[in-house]
Amino acid sequence: MPDNILVSVAWPYANGPFHVGHVAGAYLPADIFARYQRLRGNRVLMVSGSDCHGTPITLAAEKEGISPQEVIQRYHPSFLKTFQTLGITFDLFTQTYTANHYRVTTDMFLRLLEHGYLIRQTMVGSYSESLGRFLPDRFVEGTCPNCGFPRARGDQCDNCGQLRDPQDLIAPRSTLDGAPVTFHDTEHYFIDLAKLEPALRAWLDGVDRGYWRANTLLFTRNWLREGLRARAITRDLEWGVPVPVDDPAFKDKRIYVWFDAVIGYFSASIEWAERSGAPDAWKEWWVCRPDGSAPARSYYFIGKDNIPFHTIIWPAILLGYGDLALPYDVPANEFLNLEGDKMSTSRNWALWAPEIEDRYQPDALRYYLAANAPETRDSNWSWADFVQRVNSELVATWGNLANRVLSITHRNYGVVPQPGDLADADRQLLAATGQTFQAVTELLDGVKLKAALTETLALAQAANQYLSEQEPWKMVKTDRARAATVLFVALRVVDTLKTLFSPFLPFSSQRLHELLGYQGILAPQPRIEDAIAFDGTPRTVLTGDYPVDTGAWAVSDLPPGQALQSPAPLFQKLDEALVAEELERLRAKVRA
RNA sequence: GCCGGUGUAGCUCAGUGGUUAGAGCGAACGACUCAUAAUCGUUAGGUCACUGGUUCGAUCCCAGUCACCGGCACCA
């Protein structure tokens, strides 16, 4: 009986391209997990989309003198390109600027209102006289009343560290244009988190969450320990989902971005179902059974900056709505640094995906990002390390193993050779293969992707060892039957390794699948399709058919006699000179 | 300032209250030559940030110090 698995991935702001940290922290881990689950025969729904609302989008639009829609149209396609190039297999990567999302968000809002979880409160907003609109506190600065620091931010003084409200600042002004800021009362809807807190605690404490990552759990508990307060979910903005109440006071307000963005997981699932011609199919991942149990396990792949939104606020929204499945796991990742320093968009210290995705093999990028993923703590992208690991691990240990075994076998036999009786060494390697397969399966189930990759590579090393000891290239001349047995064993291990590597390295695994004489798809790839945006204009989405082959995740049973294709290397070795070139490229961007 | 995290071999990272703390890469030496000069073996290399405490025993638990990082709620 296959399980239903929901793979939810953080919604990126459509105000700039991806950098490698986004890929390593969310999209690649999610794809590896989704590919593995599909191979196991489970029914996977993997969704995300571009976050089209929020201040960053509005600001980017104003800065360039274009509309928010044009900002989205600039970056959304770049996300799709990156996913297609790197082979990220979304069932649907859509956007929040769609009629469906507006409808679902409206429905969520009204249902929470009806259930009594939304309340109206008046707050003081920072208002820019020059722009004629309200500003987020972080766009307000002024002189600190405590230490006299002239550039204290609205929420905290960077000089003396004191926390405060923007109203306390002397001569408050907008960081956008330096114009004066005044303060006005403004009424908003708040989600009553205090009212939802008991249900939230019951959910969190109801089962042993020991399988959650320690950091996620700790973070969530600390947030909860402080107690929850109502949180505003509307804003004085003109860009976003309208507040669905019949009240002129809310005509110029919108639902705030963090509320509608998390709803995207749900709305995208509904959009996927409609697109695939089975409009109710989303229910199999979302609607709880009559006994209250979840119909699917849902995993949320996000960065650590997003933890409270996925372990507290989104669950609270779901609880307030009722009858929908809460997160099963939130495998949050830490951050990826670049050459030892934190990536920074403003300093242009970042490795942008569009700048490298076409210059390296996708599996080389996937390998390094997976092997070096920030699973338990911040990790680091270094070009020297990238070249070294790709060359020694991916090319030399794994690629060369596959190539050497295929080369000897193809030249001497042409097909998978018929084995004779197995020797101890043969049985030992095959036993180790079974053990590794089991271990990797358990690690992937627990979303321990790095450890799974390490285990897999260790099996490739064991296979290289076996070949060194058995020396089949000598035996083909002296004992052809024994050489056939050794190569048969080696091929089965390579075939198993192909399966174990395929969630991580889909392109080369598919190729190897064919070299080994199989037909069909082991590692499917996504495609781009047309769709319609909220305003009726054309847009694109990423989707795909990822047919489930229930026998695919298994130790090899490669049959003797299967014809092998003429082998060729799977991976390109990298020239060490490119380390200096890439470093120079990075430095040039910072100077510019 | 408050809360929290991290600090382990040259590099990137695992890990544990208990005999000699691990892996990969890098380094040195050797073997092999089927394979993209790839592979295999051997060796070298660490007061597990620092100080103190608990304990028969601490890299691991506790306290403090230093360094770096994150959160602190209209920032997602």
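Residue numbers begin at 1 in each chain, while the letters A, B, ... track the order of the sequences. Bear in mind that the values here come from a model prediction, so they are computed numbers and not experimental data.
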Undergrad: Is B:A63 paired to anything, Watson-Crick or G-U wobble with both distances less than 3.5 Å, and if yes, which nucleotide?
TA: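 The answer is B:U51, by the H-bond criterion.
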Undergrad: Scan A:N380 against the nucleic acid and name what it touches under 4.0 Å (heavy atoms): base, sugar-phosphate only, or nothing.
TA: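 Answer is sugar-phosphate: A:N380 comes under 4.0 Å of backbone atoms only.
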Undergrad: I'd like the P distance from B:U19 over to B:U59, given in whole Å.
TA: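 B:U59 and B:U19 have their P atoms separated by 11 Å.
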Undergrad: Would you check if the distance from the ring center of A:H310 to the ring center of A:F301 is below 6.0 Å?
TA: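 Between A:H310 and A:F301, the centre distance exceeds or equals 6.0 Å.
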Undergrad: Using a heavy-atom cut-off of 4.0 Å across all strands, would you classify A:Y13 as base, sugar-phosphate, or nothing?
TA: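 Touches sugar-phosphate only.
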Undergrad: Separation of A:L196 atom CG from B:A73 atom C1', in whole Å?
TA: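 Interatomic distance, CG of A:L196 to C1' of B:A73: 16 Å.
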Undergrad: Between atom CG in A:N464 and atom P in B:A35, what is the gap in whole Å?
TA: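 Taking atom P of B:A35 as the reference, CG of A:N464 is at 14 Å.
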Undergrad: Under 4.0 angstrom, heavy atoms only, what part of the nucleic acid is A:V257 near: base, sugar-phosphate, or nothing?
TA: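 Sugar-phosphate, no base atom in range.
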Undergrad: Answer with yes or no whether A:N403 presents, from its side chain, a donor or acceptor under 3.5 Å of a partner atom in the base of B:A35.
TA: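 No such pair is found, so the answer is no.
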Undergrad: For A:I408 and for A:A373, find the nucleotide of RNA chain B with the closest heavy atom, then tell me which residue's nucleotide is more 5'.
TA: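 This one resolves to A:A373.
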Undergrad: At under 4.0 Å between heavy atoms, which parts of nucleotides 22-33 of chain B does protein reach? Answer with one letter per nucleotide, 5' to 3': B base, S sugar-phosphate only, - none.
TA: --SSS-----SS
Undergrad: Centroid separation under 6.0 Å, is that true for the rings of A:W239 and A:Y97?
TA: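 Distance test on ring centres: under 6.0 Å, yes.
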Undergrad: Within the 4.0 Å heavy-atom criterion, would you say A:S379 contacts the bases, only the backbone, or no part of the nucleic acid?
TA: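 The residue A:S379 makes sugar-phosphate contact but no base contact.
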Undergrad: Is there a donor-acceptor contact under 3.5 Å from the side chain of A:Q572 to the main chain of A:Q361?
TA: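 Side chain of A:Q572 to backbone of A:Q361, a donor-acceptor pair under 3.5 Å: no, none is there.
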Undergrad: How long is the line joining CG of A:D305 and P of B:A73, in whole Å?
TA: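 Going from CG in A:D305 over to P in B:A73 covers 16 Å.
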Undergrad: Find the distance A:L467:CG to B:U39:P and express it as a whole number of Å.
TA: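 After rounding, the gap between these two atoms is 13 Å.
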Undergrad: I would like to know whether A:Y367 and A:F504 meet ring pair (Phe, Tyr, Trp, His ring centres under 6.0 Å); could you show each step before the answer?
TA: CA-CA 7 Å; A:Y367 179 79; A:F504 298 91; 8.4 Å; no
Undergrad: Take the protein atom CD of A:E375 and the nucleotide atom P of B:G15, then report the distance between them rounded to whole Å.
TA: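 Nearest whole value for this atom pair: 10 Å.
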Undergrad: The side chain of A:S407 is closest to which nucleotide in this list: B:A73, B:C69, B:C34?
TA: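 That would be B:C34.
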Undergrad: Less than 4.5 Å apart, any side-chain heavy atom of A:Y368 and any of A:L394?
TA: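 Counting from C-beta outward, A:Y368 and A:L394 never come under 4.5 Å.
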Undergrad: Quick one: is B:G70 close enough that its OP1 or OP2 comes under 4.0 Å of any side-chain N or O from A:K342?
TA: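 Yes, such a contact exists.
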Undergrad: Check A:H188, A:R254, A:K253 against A:T234 for a side chain to side chain donor-acceptor pair (under 3.5 Å) and give me the one that passes.
TA: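 Among the candidates, only A:H188 passes.
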Undergrad: What nucleic acid atoms does A:F335 come within less than 4.0 Å of, heavy atoms only: base, sugar-phosphate, or nothing?
TA: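 If one applies the 4.0 Å heavy-atom cut-off, A:F335 turns out to touch nothing in the nucleic acid.
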Undergrad: Specify the separation, in whole Å, of atom CD1 of A:I302 and atom P of B:G70.
TA: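 For the pair A:I302 CD1 and B:G70 P, the rounded distance is 17 Å.
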Undergrad: Scan side-chain atoms only and decide if A:Q465 and A:E469 contain a donor-acceptor pair under the 3.5 Å cut-off.
TA: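 Note: A:Q465 and A:E469 side chains miss the donor-acceptor criterion.
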Undergrad: Counting any heavy atom closer than 4.0 Å, what does A:A232 reach on the DNA or RNA strands: base, sugar-phosphate only, or nothing?
TA: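 The answer is nothing, as A:A232 stays clear of every strand by at least 4.0 Å.
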Undergrad: Taking a pair as Watson-Crick or G-U wobble with both distances under 3.5 Å, which nucleotide is matched to B:A31?
TA: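 With both distances under 3.5 Å, B:A31 matches B:U39.
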Undergrad: Any side-chain N or O of A:Q465 under 4.0 Å from OP1/OP2 of B:G41?
TA: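 For A:Q465, the contact criterion (side-chain N or O under 4.0 Å from OP1 or OP2 of B:G41) is met.
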Undergrad: I'd like to check A:L505 versus A:F571 (side-chain heavy atoms, cut-off strictly below 4.5 Å). Are they in contact?
TA: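 They are in contact (side-chain heavy atoms under 4.5 Å apart), so the answer is yes.
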Undergrad: Whole angstroms only, please: what is the NZ-P distance between A:K448 and B:G15?
TA: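 Distance, rounded to whole Å: 9 Å.
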Undergrad: How close or far is atom P of B:A73 from atom CD1 of A:I307, stated in whole angstroms?
TA: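 Taking atom P of B:A73 as the reference, CD1 of A:I307 is at 17 Å.
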Undergrad: On a whole-Å scale, what distance lies between the P atoms belonging to B:G26 and B:C69?
TA: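 Pairwise P distance, B:G26 against B:C69, rounds to 31 Å.
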Undergrad: Reading RNA chain B from 5' onward, which residue's closest nucleotide shows up sooner: A:V395 or A:E334?
TA: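 Nearest nucleotide further toward 5': that of A:E334.
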